[in-house]
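As structure tokens, the structure follows; a few thoughts come after it.
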Number of protein chains: 2
Amino acid sequence: MSEQGQQSVSSRNLAGCLGINPSQIRKDFSYFGDFGGTPGVGYNIQKLVKQINKILKLNIVRRAALVGVGNLGSAIMAYPGFGIYGFDIAAAFDINPKKIGRKIENVTIEDVSNLRTLKKRKINLAIITVPRDAAQQTADALVKAGVRGILNFSPHHITVPKKVKVITIDIAMDLARLPYYMPAD
Amino acid sequence: MSEQGQQSVSSRNLAGCLGINPSQIRKDFSYFGDFGGTPGVGYNIQKLVKQINKILKLNIVRRAALVGVGNLGSAIMAYPGFGIYGFDIAAAFDINPKKIGRKIENVTIEDVSNLRTLKKRKINLAIITVPRDAAQQTADALVKAGVRGILNFSPHHITVPKKVKVITIDIAMDLARLPYYMPAD
DNA sequence: CTATGTGAATTTATTCACAGCA
DNA sequence: TGCTGTGAATAAATTCACATAG
């Protein structure tokens with residue numbers, strides 16, 4: 001909406017986009033403080049975007065590392081969607097000697113042994129796209145390197161200290177949720 | 001656990017894996033009927049897997065189509081994780097004439113105009129990995145072709161008739177959830 | 001009029017607590 | 001003893017309803 005130059009939006013409007021109740025929107029906003037909505041009009045979109053970015057701490061550029069430059073990893077490196085949230089995939093790592101030194105999306109692939117340099121480089125976010133069996137040890141190395149947030153794409157539960165936040169995306173499991181809503185055939 | 005030949009598992013055990021309360025497990029199971037747990041022992045893992053697959057309707061092979069054979073699409077085609085839930089990515093479509101006819105993971109890439117053949121081919125699941133701007137029209141074509149479930153990877157809200165179930169995965173937005181849990185630096 | 005912001009009411013989810021079974 | 005299965009109790013999320021503001 002912001003990109004389309006829209007000025008304001010009501011809770012009913014937003015709720016419609018999400019398929020939820022308008023008071024849910026207003027209540028959620030109220031938990032975080034004053035969103036400065038105008039009765040009879042709605043919320044100023046510019047202000048809304050700023051406020052939400054601030055709440056989610058997306059108002060600074062974050063440098064992220066990606067580990068595992070396979071098919072999925074390459075796809076993510078090339079994904080254009082990260083920019084709008086202020087992410088910059090600034091480093092890539094792999095264990096395969098053939099890949100090391102090659103460039104992908106202007107980032108040179110490094111050996112995983114270099115992971116420990118992340119702290120110095122002020123990179124504290126990571127994306128794991130390694131095979132299932134390597135997931136936990138990759139996470140361990142990342143935590144040791146000072147990483148505080150991990151987006152995990154391997155279909156494996158990862159154990160980390162509780163100061164570190166992990167979000168796991170299991171693509172196959174997401175697909176597996178669909179049949180439940182579908183008739184048998 | 002099943003693959004590791006484990007015989008049984010308790011609700012406490014399962015809850016530990018998920019970081020939730022054991023009674024949550026038991027309560028959830030009870031909503032779906034008798035899971036035949038043995039007091040003092042736990043649940044038989046074989047039985048559990050079967051029961052859950054049945055509830056989620058994962059007990060038959062499902063044929064899925066993928067639309068948009070770019071970086072992400074190719075990665076998903078090559079992803080080994082779908083098999084265990086009984087998915088078979090049986091068709092791939094793209095709009096780029098250069099890609100059409102080429103093979104990827106033993107599947108020949110077809111022109112998107114062929115989407116309407118899906119019904120005949122008994123494919124009623126689809127994965128959308130097209131650019132943002134093409135997402136809605138792709139969804140429309142899929143619905144017209146009889147698809148009943150869509151896994152949408154484009155960062156765009158998709159509108160479909162309510163008989164069709166859509167699950168959207170916005171990778172950038174998932175990553176965007178991490179900073180909230182992290183100190184500013 | 002239209003839409004916000006929020007207490008109160010309602011609904012839903014989670015946890016407790018314990019009888020009963022292997 | 002150790003765990004299931006489930007009503008009862010509690011906690012959390014959602015929705016209602018309305019006073020109030022542009």
Practice prompt. Can you tell me the distance, in whole Å, between the CG atom of B:Leu18 and the P atom of C:dA13?
Written response: 18 Å
Worksheet, complete the sentence: In 5'-to-3' order, the base (B), backbone-only (S) or no-contact (-) status of each nucleotide in nucleotides 2-11 of chain C, using a 4.0 angstrom heavy-atom cut-off, is BBBBBBB---
Discussion item. Going by the rule side-chain contact (heavy atoms from CB on, under 4.5 Å), which residues pair with B:Ala90 if we only count those two or more places apart in sequence or in a different chain?
Written reply: B:Arg63, B:Asp88, B:Ile123
Worksheet item: If you measure only the distance, is there a donor-acceptor pair under 3.5 Å linking the side chains of A:Arg26 and A:Ser11?
Response: yes
Response to the item:
B:Asn21 CG to D:dC3 P, in whole Å, measures 14 Å
Worksheet item: Is the shortest side-chain N to carboxylate O distance from A:Arg121 to A:Glu110 below 4.0 Å?
Response: yes
Worksheet, complete the sentence: Atom CZ of B:Phe32 and atom P of D:dG5 are separated, to the nearest Å, by 15 Å
Fill in: Protein-nucleotide distance (B:Gln24, atom CD; D:dT4, atom P), rounded to Å
14 Å
Discussion item. Rounded to whole Å, how long is the line connecting atom OH of A:Tyr31 with atom P of D:dT15?
Written reply: 12 Å
Worksheet entry | Interatomic distance where CG belongs to B:Asp28 and P belongs to D:dT6 [whole Å] | 13 Å
Discussion item. Is it the case that over 12 heavy atoms from other parts of the model lie below 6.0 angstrom from the CD atom of A:Gln6?
Written reply: yes
Worksheet, complete the sentence: In whole angstroms, the gap separating P of C:dA22 from CG of B:Asn44 amounts to 16 Å
Discussion item. Tell me whether B:Glu105 at atom CD has more than 12 heavy atoms from other residues, nucleotides or ligands lying less than 6.0 Å away.
Written reply: yes
Practice prompt. Give the ring-plane orientation class for B:Phe29 versus B:Phe35, where under 30° counts as parallel, over 60° as perpendicular and anything between as tilted.
Written response: parallel
Worksheet, complete the sentence: In whole angstroms, the gap separating C1' of D:dA13 from CD1 of A:Ile25 amounts to 14 Å
